[in-house]
Structure formats: C-alpha cells, structure tokens
Amino acid sequence: MRILETQEVTRAFGGVVAVNQVNFNVEKGLVNGLIGPNGAGKTTLFNQITGMDVPTSGKIMFDGKDITGLPAWKISRLGIARTFQNIRLYNDLTVVENVMMGLHSKVGADPFHGRFIQAVKSYFQAGKENRELYVRALEWLDFFDLSHLKDEYARNLPYGNQRELEIARALAADPKILFLDEPAAGMNPAETAHLMKIIEMIRDKGITVVLIEHDMKLVMNICDNITVLSFGQKIAEGTPEEIRSNPLVIEAYLGKEDEE
Amino acid sequence: MLNFFQLIIIYAGIYALMAIGQNCITGNTGMLSLCHAGFFCIGSYATGIICKTLGLSFWFSLPVAALCSAAVGFLIGVPTLRLKGDYLCIATLGLGEIIRNIATNVNPVGMMAIPRAELFGYQFSSRNKITFIILVWCFVLIAYFLFRQLAHSRIGRAMIAVREDEVAAQSNGINVAKYKIGSFTLGAAIGGTAGCFATAYTLTVQPGSYTFMVSVMVLCMVVLGGMGNLKGVILGAFIIEFIQYFPQLVGLSSVIPAQASQIIYGLVLVIMMICRPQGILGRDNYRYGDPRSLREKIRDSFKRPSKKEA
C-alpha cells in the first residue's frame with residue numbers, strides 16, 4: 001500500500017531542472033531507499049515532500065491528501081518527520097530539550113482547542129507540561145541509549161550521537177513516515193552497523209522509513225524497495241536485487257562502456 | 001549623592017523593563033531588532049495622552065500603553081519579520097526612526113505637566129524617589145517572573161528553537177512566522193510599559209528623547225548581561241545606566257561630555273564580543289532535573305564555554 005506518492009513532480013531552479021517529472025512511491029511499513037549519484041535531485045525531492053521547498057509542477061499525495069505547497073510545519077504535523085543531510089540540532093539546547101522540541105507539536109493535538117489557546121495553556125501549566133514532556137523525551141533517549149548524555153549540550157555530542165539524536169527528535173513527533181537524509185554519512189563501519197539496527201527497530205515500530213544514502217552496503221541490506229534518480233529523473237524502481245542488476249543504474253553510477 | 005543613586009536605580013528599572021522586552025526579541029527568538037526606542041515612545045505618548053488629554057488614571061494607561069505598542073509591534077512585525085539578520089536590523093532601525101519622526105512632526109514640543117500617578121490618594125512624585133523605586137521595581141519583578149515562565153515553557157523553548165535553527169524548527173511543526181511575530185509583539189508590549197513609567201516619572205514627553213541611541217543602549221544591556229538570561233539583562237541595565245550617569249555621579253560632567261558614554265557602549269560591546277560573547281551571566285541554563293545547586297550553576301556559568309565540537 002502506498003502511503004505517499006509524488007505525481008510528476010518537477011522542480012526547476014532557473015534553467016536547471018533538479019527534479020524532472022518524478023513519480024516516487026513510498027510503500028507503507030517498509031524501508032524505502034532513494035539513491036542516485038551526487039546532484040541527482042534526491043535531497044531536492046525530500047525538500048519538496050517535507051515542504052521546505054515548493055515543486056514547480058506536479059502533486060504530492062500523502063495518505064490520500066494533496067499536501068503540495070503546504071508549509072513545512074503543517075506537513076510535519078500531518079506525520080512526516082525528517083532529518084537533515086548536514087545535522088540540524090538546536091546546539092544551545094540540551095539533548096533532552098532537543099527531543100522535547102520534537103514533542104512540541106504533540107502537545108495541543110486536542111481538536112477542541114485552537115493552537116493559540118493551547119499555547120496560553122502551555123504557558124500557565126509549564127511546570128506540569130515540562131515534566132510530562134521530559135518523561136516522554138527520556139523514553140526516546142532510552143531507545144537510542146543516549147540517556148546518560150541527557151544534560152549535555154547538543155553541540156558537545158560526538159558526531160555519531162548527534163545523528164542519533166536528530167533521529168530521536170524526529171521520531172519523538174510520532175510520525176507516520178520518517179525521512180532520513182544520508183544518515184550514515186561520515187560514520188565509521190561500527191556506527192553504520194548500529195544505525196542499521198536502529199532503522200530496523202524503527203521499521204518494526206510500524207513507521208515507514210525513506211532513506212537517502214550513498215552507502216550501498218547499508219542500502220542493499222536494509223531497503224525493501226529502492227528508487228534510483230539520475231539527473232533529476234527516475235531511472236529505476238524495484239527490489240535491491242532488481243536494482244543491482246539493472247543496466248541503467250550501473251550506467252548511471254559507473255558510466256557507459258566505451259564503444260571503441 | 002544618595003538622591004543620584006536613587007535616580008540611577010529608577011532609570012535602571014525603566015530600562016530593565018525595556019531590556020526584558022528586547023531580550024524576548026533578540027535573546028530568545030534571535031531577531032536583531034533596533035526599534036525599542038520606538039515602542040518606548042509609543043508607550044510614553046499613550047500614557048501622556050491618557051493621563052493629560054483624557055484625564056484618566058495612570059493605572060488605566062499602563063495596559064493601554066502596553067496594548068498600543070504591542071499593536072504597533074504586531075503591525076511592524078508582520079511585514080518585516082520575513083527579513084533575517086542585518087536586513088531585519090536595518091528595517092527595524094528605520095521603523096524606530098519613523099515613529100520618532102512622526103512624533104516630532106506632530107508636535108515638536110511634546111507634552112508637559114502630565115498629572116502624577118496616584119495610588120489610594122498617594123501621589124508618586126519625583127521628590128520621593130523611594131516610592132517610585134518600589135513602584136518601578138515591582139513591575140520589573142512581575143515582568144521578570146512572567147518572562148521567566150515564558151522562557152521555561154514549551155512556547156519559550158520553541159522560540160529558542162527558532163533562534164537556533166529555523167529550518168529544523170519548521171520540521172518540528174513550529175510555525176516560525178507566528179512565533180517571531182508573537183515574540184516581537186510581547187517584546188514591544190513590555191517596551192511600551194517602560195515608556196509608561198518613564199512618563200510617570202518625568203511627567204513630560206519629549207520626542208527628542210527616543211533616539212536611535214536608546215535602542216542601541218537597550219541592545220547593549222542585553223548583550224552585556226547575557227542574551228536570553230533575564231537576570232543578566234537586568235544586571236546589564238544597571239551597569240549601562242551607571243555608565244551613563246557616571247560623569248555626573250563623580251561631578252565631572254563639565255569635563256566629560258555626555259556623549260562619552262556612547263564611546264563606552266561601543267567599547268563595552270567590542271570587549272564583550274571578544275572576551276565573553278555569551279554575556280556576563282551567560283545563557284540561562286534551565287536544566288530539567290538539574291542536580292547542580294544554585295552556587296554551582298553560578299560558578300559554572302563563569303567557566304569558559306566547553307570545547308566546541310563540530
């Protein structure tokens with residue numbers, strides 16, 4: 001079952017077409033890979049889906065709803081969480097506070113109150129609310145084995161832990177889909193193996209994962225289906241085995257064999 | 001001499017209110033705004049008009065002054081807060097000057113002989129400074145606790161998130177524009193309250209006293225005390241006010257021109273940026289379940305920031 005699909009999404013920056021009529025399908029409950037050489041438009045596509053950028057044309061459907069052009073914060077509240085290629089943590093907040101920020105939109109999901117009334121309520125009940133959020137945030141830190149670092153500033157964390165914290169923050173919002181933009185970039189093999197375990201645990205929680213990654217070992221091992229982009233266009237889609245033997249994909253990564 | 005110290009304490013209180021507002025805008029949400037003098041001006045005029053022209057009570061003018069500047073802050077905020085960094089700074093600078101120029105052009109003399117504030121028949125006059133100190137500092141305390149509550153609530157954390165990383169904040173479901181406008185409006189409101197007290201103390205409103213330098217001074221207090229740290233900001237207000245009145249205090253006002261203090265602000269800003277960019281007290285480290293005692297917190301806040309890792 002498709003939880004999210006893009007229909008003919010195009011994004012042009014002046015004359016450069018970064019994403020060209022891409023139909024990207026995300027299957028529910030699976031780990032979906034999005035791969036392609038550098039500059040293929042993977043992150044641009046992520047940005048369109050998560051509302052950080054608006055497509056030039058095309059439609060994005062999530063759970064049967066058209067979310068094209070919605071602002072990022074609304075899309076996030078619909079249940080789409082993401083991490084960033086270059087880690088974006090709140091450096092001057094502590095680790096636990098970062099995860100509490102992930103829980104931000106979970107407070108005030110009460111349909112009988114407007115968000116403004118909820119904000120006023122949050123102001124007067126700050127102590128009680130903080131304690132609740134704190135406990136919930138700690139549960140997520142336990143999930144990632146980061147509890148011992150909870151009072152550390154986010155900027156002081158080692159690189160691998162920063163990646164994990166960013167994923168924890170995204171997961172705290174209880175999303176339906178989690179978009180991971182190159183989570184293994186800059187990680188050593190041990191950290192990558194740990195990351196793989198984490199992604200499997202996330203999938204087992206029933207959260208759909210979409211993964212941009214250059215580490216082919218990780219992608220081939222963990223993804224249930226893979227979409228390949230090259231120069232803004234979708235060139236292949238299928239299981240890891242199909243992708244591995246697809247001549248178009250091999251060409252995109254390694255170049256064409258010389259005829260001579 | 002004692003009289004003079006009391007004057008400094010009163011002005012420090014009025015400016016502490018302004019600095020608390022500036023701190024909400026610059027310290028918490030991270031917007032570099034330079035139009036607090038404008039809000040100060042609006043609050044002063046609102047009080048002047050209500051107390052003198054309409055003949056109503058000072059206590060009525062207090063919320064109205066706050067509401068007026070909040071309204072102006074909101075109206076200014078909606079178009080300008082799309083801008084970032086230096087651009088926002090320039091835009092707000094211009095707006096602050098516009099407010100002052102409008103005031104100057106409407107009536108260059110300003111208002112005189114505004115009736116005194118009264119409470120249960122007691123008149124707050126500038127002769128009896130002690131009562132005025134109590135009045136102003138009561139409101140500084142109230143503002144302190146209100147804004148501390150804000151900073152430690154979910155809403156305040158969201159403001160800090162906007163300061164730290166707007167893109168990440170959006171991805172966490174935070175409506176960045178609303179938070180920016182909200183914090184700007186709150187900061188403006190408290191700036192208006194400060195203007196209200198200034199009028200109640202001097203009993204005059206002069207458009208010439210809401211210059212750009214006032215905005216810079218308030219920003220200086222926030223930077224000096226520590227951005228985002230309310231205690232630090234109040235301390236900053238004290239220090240800057242002390243610097244401003246120092247020549248008169250030591251009886252050298254004939255030797256040291258009044259403008260000398262502006263040089264000192266500049267120096268203070270440069271020295272602080274080089275030696276201690278996080279301000280005297282540093283950021284407000286509100287930690288959940290923090291095991292450290294108050295003393296340890298103060299000691300830790302004076303330590304150099306721990307090594308930064310990329």
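Letters go in sequence order (proteins before strands), and every chain restarts at 1.
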Exercise for the section: Give, as side chain, backbone, both or neither, the part of A/Met101 having an atom under 4.5 angstrom from any heavy atom of chain B. Expected result: both
Problem - Toward chain A, the part of B/Ile155 with a non-hydrogen atom under 4.5 Å - result: side chain
Exercise for the section: Over all heavy atoms of both residues, which pair between B/Gln149 and A/Tyr123 is shortest? Give the atoms and the distance, please. Expected result: NE2-O, 2.6 Å
Practice task
Using non-hydrogen atoms and a 4.5 Å limit, figure out which bit of B/Ile160 sits close to chain A: side chain, backbone, both or neither.
Solution key: side chain
Exercise for the section: Against chain B, label A/Phe84 side chain, backbone, both or neither, depending on which of its atoms sit under 4.5 Å from a heavy atom there. Expected result: side chain
Completion exercise
Honestly, the part of A/Leu78 sitting under 4.5 Å from a heavy atom of chain B is neither
Handout entry: Check: B/Gln170 and A/Ile75 side chains under 4.5 Å, non-hydrogen atoms
Key = no
Practice task
Take atom OH of B/Tyr144 as the centre, draw a 6.0 Å sphere, and report whether it contains more than 12 heavy atoms from other residues, nucleotides or ligands.
Solution key: yes
Problem - Within-4.5 Å side-chain heavy-atom neighbours: A/Trp73 and B/Ile174 - result: no
Exercise for the section: First locate atom CG of A/Asn98, then atom CD of B/Glu164, and finally report the distance between them rounded to the nearest 0.5 Å. Expected result: 8.5 Å
Handout entry: Exercise: identify the closest heavy-atom pair between A/Ser76 and B/Gly173
Key = OG-N, 3.1 Å
Completion exercise
Rounding to 0.5 Å, atoms CG (B/Asp165) and CD1 (A/Ile87) come to a distance of 11.5 Å
Handout entry: Sub-4.5 Å side-chain heavy-atom contact between B/Ser171 and A/Arg88
Key = no
Problem - Separation between CZ of B/Arg157 and CG of A/Leu103, rounded to the nearest 0.5 Å - result: 9.0 Å
Practice task
Would you check if B/Val162 and A/Tyr90 make a side-chain contact, meaning some heavy-atom pair closer than 4.5 Å?
Solution key: no
Exercise for the section: Please say whether more than 12 non-hydrogen atoms of neighbouring residues, nucleotides or ligands are located less than 6.0 Å from OH in B/Tyr87. Expected result: no
